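All of these numbers come straight from a predicted model, not from anything done at the bench. For reference, positions follow the sequence shown, starting with 1. Side chains included, hydrogens not; waters and symmetry mates left out as well; all remaining heavy atoms used.
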Amino acid sequence: MIAYIVNFSLCSGLLLLIYRLLLSNENFYRFNRFYLLFSLALSLAIPFIKMEIPAKAFEIEQRITDSKTTAVDALKVQAAPQVQISGANSGAPIDVPLITGEKNQAAPSPTNNYLTYLPAVLYILIVFVMLLRFARNLYFIKRVAAKNPAREIEGATLILVDEDVTPHSFLRSIFVNRTDYHDGLVEPEIICHEQTHVAQMHSLDVIVVELFHAIFWLNPFIPFYRKAIQLNHEFLADEAVVMNYNDTPAYQYLLLAKASQHSSAYLTSRFNYSTTKKRLIMMTKNTFAKIRLYKLLALAPVLAGAVLLFSDKSMAQGERAKKADTSTRIAKQEPTKALPERLKFNHKPIPASATDAPQAVLDEFAAILKKYNEPLLIHTKVQVRVKQFSQDDKWRLEVLYAQMSTEQQKQQYIAFYVPSGPPAKSHPTEEQLAKWQDAVNYGVWIDDKRVKNANLAKYKPSDFDLVMFSRLTPIAVKNDKFHFQVDLMTPEAYAKFRTEDFPNDDWEIFHKMKKI
């Protein structure tokens, strides 16, 4: 929610800045009215737009590392903490789904931390207070209109009040002082000005922006939108008066006199001394047609840039990368003469039995696991590969596991998995090597060692046999100060990677996430 409000605020601020630079001093008021309201609506919608950045130059590869590599670097894209297993042959932590189909379950929290809900509760409370304030102002205006005499004039209702107020309008009502009206002190130009507000329904714009302000009160730019919208309303009404009476100097003097009087409720259209100077200037402002056209055309790239900057962007993966993400496919197992009891599963997970296994099967399964009574460090996003099981015990565990029903399998804290094999060779292009020299956006590793981005200038594409590219999470970006991680392997390192990280070992055993 906070990220969305930040994007909404920044986008609305950018569009408001463009309004101030290009449009606020020009006299195409009707377009300005549309632009201001459209900018708020567009800023609200842009963060919901999802855009995929195609990975044309390369494909993302899934990386698996062993205990000889740095686990923090290897898991940087997942932002997962390092998990260690005792034993010389323990594998490195990797993030893979369990093939038994059981959903990952986080360790239960001993207490509920209600403080995490405090920001949301505080935000909603302030929204409620601001909506209550908005409703109170609407009620105040309605009460004033109801308790005072009214007269119907052309297209509006004239409300005669006893208070000494400057003429102002809201919805279909125009509020004027009763004594001034009966004494003929309310000039027809003023009535025409307020009738224009009513006819063009300017109050609806104010209501919309007030609702925006109440719901998205964290956005600091909405009050400036409200001020710009109301000022543009005054320009529109002044334009109507000048067109009807054709006496601009006299109307300007009239505005100066009215500006010194008291203002009214903040929701209403009114005269205001702080904006009078701007209104007087805009009455005599002329914009050449070519300048108007150029400024309107300049808005197109700005709107396109706003969409690119503040939309929800993700990097599209190639077909091979998508297949790499599903690297938990099961490799074919061949039966052996040494153990005829071994099962053949042919690229499928171990199936569950239709009926529950007898208690003797469960006891034997537990007895084998008890032989490997090592402490486990389990994390909600990381599973632990265990290689120290003997081959005989691994095969026997598979046989027993297959005799269990689905529910019994889910109760076990191990599952069976076979690595999909090493990633195929991939070479960077010269363009990529040049682009990755940008240290602001990219962090570069060569053979598991962080190097300076500028060092890539010394290499050519044939110097590498494997390219792995990852987009960092927001937390990792904040810590590491770059957005994408590039891992490169030289031919020597890649050959070692294939032989040592992917031995010819069929089934391996993974511990599910279980607090012990």
Is a donor on one side and an acceptor on the other found under 3.5 Å between the side chain of Asp465 and the backbone of Tyr494? no
Is the ring pair Phe31/Phe34 parallel, tilted or perpendicular, if the boundaries are 30 and 60 degrees? tilted
Can you say whether the rings of Phe469 and Phe484 are parallel (under 30°), tilted (30 to 60°) or perpendicular (over 60°)? parallel
Distance (rounded to the nearest 0.5 Å) between Ile46 CD1 and Phe310 CZ: 8.0 Å
What I want to check is whether the side chains of Ser12 and Asn219 have a donor and an acceptor closer together than 3.5 Å. yes
Side-chain H-bond candidate by donor/acceptor type, Asp487 with Gln485, under 3.5 Å: yes
NZ/Lys496 to CE/Met489 distance, rounded to the nearest 0.5 angstrom? 10.5 Å
So, for Ala493 and Asp447, which heavy atoms are closest and what is the spacing to 0.1 Å? CB-OD1, 3.0 Å
Would you mind checking if Arg226 and Glu210 are paired as a salt bridge, meaning a charged N to carboxylate O distance below 4.0 Å? yes
Sub-4.5 Å side-chain heavy-atom contact between Leu236 and His202: yes
Side-chain touch Phe216/Phe221, heavy atoms, less than 4.5 angstrom: no
Before you tell me yes or no, could you show the steps for Asn25 and Lys278 under side chain to side chain donor-acceptor pair (under 3.5 Å), namely the whole-Å CA-CA distance, both residues' side-chain angles and the distance that decides it to 0.1 Å? CA-CA 9 Å; Asn25 293 322; Lys278 179 74 172 178; 2.3 Å; yes
Would you check if Tyr35 and Ile18 make a side-chain contact, meaning some heavy-atom pair closer than 4.5 Å? yes
Student check: side-chain heavy atoms of Phe28 and Leu296 closer than 4.5 Å: yes
Are the side chain of Asp356 and the backbone of Ser405 linked by a donor-acceptor contact shorter than 3.5 Å? no
Got Phe464 and Leu433 here, is their nearest side-chain heavy-atom distance under 4.5 Å? yes
Rounded distance (nearest 0.5 Å) linking atom CG of Asn32 with atom CG of Leu22: 10.5 Å
Looking at Asn27 and Lys285, what are the two nearest heavy atoms and their distance? ND2-O, 2.9 Å
Mind listing the closest non-hydrogen atom pair of Leu15 and Ala306 along with its distance? CD2-CB, 4.4 Å
So, does Glu364 use its side chain to make a donor-acceptor pair with the main chain of Val361 at under 3.5 Å? no
Can you tell if the side chain of Val477 reaches within under 4.5 Å of the side chain of Phe482, non-hydrogen atoms only? no
Determine the interplanar angle of the Phe48 and Tyr4 rings, folded into 0 to 90°, and report it as parallel if under 30°, tilted if 30 to 60°, perpendicular if over 60°. tilted
With sequence neighbours excluded, residues passing ring-ring contact (aromatic ring centres under 6.0 Å, His included) with Phe224: none
Which is it for Arg292 and Glu26 under the salt bridge (charged side-chain N to carboxylate O under 4.0 Å, His left out) test, yes or no, and what are the steps along the way? CA-CA 8 Å; Arg292 179 190 302 230; Glu26 306 303 334; over 6 Å; no
Taking C-beta and beyond as the side chain, do Leu456 and Leu488 meet within less than 4.5 Å on heavy atoms? yes
Which heavy atom of Gln403 sits nearest a heavy atom of Ser353, and at what distance? O-CB, 3.3 Å
Determine whether Asp393 and Arg396 satisfy the following criterion, salt bridge (charged side-chain N to carboxylate O under 4.0 Å, His left out), listing intermediate values before the conclusion. CA-CA 5 Å; Asp393 285 339; Arg396 184 58 183 168; over 6 Å; no
Closest non-hydrogen contact found for Val440 with His483 is O-ND1, 3.9 Å
Do Pro461 and Glu430 have side-chain heavy atoms sitting under 4.5 Å apart? yes
Got a donor-acceptor contact below 3.5 angstrom from the Asp205 side chain to the Ile229 backbone? no
Give the minimum heavy-atom separation between Arg33 and His233, together with the two atoms involved. NE-NE2, 4.3 Å
Is it the case that Asn453 and Lys435 place a side-chain donor and acceptor less than 3.5 Å from each other? no
State whether the number of non-hydrogen atoms from other residues, nucleotides or ligands found under 6.0 Å of Tyr442 atom OH is greater than 12. yes
